[in-house]
Q: 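Below is one structure. I have some questions about it.
Remember, predicted model here, so these are calculated numbers, not experimental data.
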Amino acid sequence: FPVTIGGGGSAGDNTDGGGGGGGAGGYRSGTGLTVTANQTYTIVVGGGGAAEANGSNSGMYGSSPFSALWSSGGGAATRLASPSGPSGAGYSGGSGGGGFGRGNSGGLGTPGQGNNGGTGAGSSSPLNGQGGGGGGAGAVGSNGQSPQGGNGGAGTYNTITGANTAYAGGGGGGHGG
């Protein structure tokens with residue numbers, strides 16, 4: 001089947017410093033999917049997440065024998081004391097968003113679609129924390145380490161366009177202060 005990738009998660013929104021990196025949208029690809037001529041298939045393109053929100057799911061569906069194929073939206077990253085989510089921990093999604101600040105874990109990736117986000121580091125102050133990188137389709141996000149945020153997880157390479165191209169890499173974590 002063709003490549004499907006969910007919308008990416010947003011980075012942590014922190015007006016006082018850095019945030020974690022957004023997780024990549026879930027990545028799926030393969031071969032052997034049967035499609036039928038003159039059959040209608042609906043394709044849904046998931047958008048990236050707004051501030052501290054997961055990306056939207058992407059996929060396609062039709063009638064039998066093809067039912068549906070979906071990829072989860074990427075997990076959003078957070079900042080400390082997030083009003084819209086857990087305090088500093090990344091959200092789970094296709095790939096998990098990075099955590100921000102000391103000991104705050106990254107979100108979980110969806111099995112078969114992506115990897116976990118990295119853990120944050122530094123102090124409990126948004127001015128001095130580091131964000132974990134968002135998970136990618138090919139690798140987990142790196143943990144934040146003072147004085148910088150973690151790298152986003154690597155994407156996965158595919159030649160569906162004829163060129164060997166990376167898809168669904170995670171976002172890098174930010175640095176407060």
Q: Just by distance, do the side chain of N151 and the backbone of G172 share a donor-acceptor pair under 3.5 Å?
A: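 Checking the backbone N and O of G172 against the side chain of N151, no donor-acceptor pair under 3.5 Å is found.
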Q: Say whether, by atom type as modelled, one donor and one acceptor occur between the side chain of N116 and the main chain of G106 under 3.5 angstrom.
A: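 Here the side-chain-to-backbone pair does not exist.
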Q: Which heavy atom of A168 sits nearest a heavy atom of Y27, and at what distance?
A: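 It is CB-CB, 4.0 Å.
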Q: Are any side-chain N or O atoms of T110 and backbone N or O atoms of G93, one a donor and one an acceptor, separated by less than 3.5 Å?
A: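 Confirmed, T110 side chain pairs with G93 backbone.
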Q: Of the non-hydrogen atoms in S58 and G46, which two are nearest, and what is the gap between them?
A: OG-N, 2.7 Å
Q: Write down the atom of G22, the atom of A77, and the distance for their closest heavy-atom approach.
A: N-CB, 4.0 Å
Q: Looking at S95 and G23, would you say the former's side chain and the latter's main chain have a donor-acceptor pair under 3.5 Å?
A: no
Q: Is a donor on one side and an acceptor on the other found under 3.5 Å between the side chain of Q113 and the backbone of S72?
A: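 Between the backbone of S72 and the side chain of Q113 there is a qualifying donor-acceptor contact (under 3.5 Å).
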Q: Sub-3.5 Å donor-acceptor pair from the side chain of T159 to the main-chain atoms of N164, do we have one?
A: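 No, the answer is negative, given that no donor and acceptor are paired below the 3.5 Å cut-off.
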Q: Using distance only, find each side-chain donor-acceptor pair of residues 137-148 under 3.5 Å and give its atom names and separation, not counting sequence neighbours.
A:
from: N143; atom 1: OD1; to: T119; atom 2: N; distance (Å): 2.8

Q: Hey, any chance I160 and Y157 share a hydrophobic cluster, counting ILVMFWY side chains that come within less than 4.5 Å of each other, even indirectly?
A: no
Q: For a quick test of reading the model, state the closest non-hydrogen atom pair linking S71 to G26 and the distance between them.
A: CB-O, 3.2 Å
Q: Keeping R28 on the side-chain end and W70 on the backbone end, is there a donor-acceptor pair under 3.5 Å?
A: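 Yes: the side chain of R28 pairs with the backbone of W70.
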Q: In chain order, what residues pass the side-chain contact (heavy atoms from CB on, under 4.5 Å) check against T161, with sequence neighbours excluded?
A: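 side-chain contact (heavy atoms from CB on, under 4.5 Å) check on T161 returns A163, T165, Y167.
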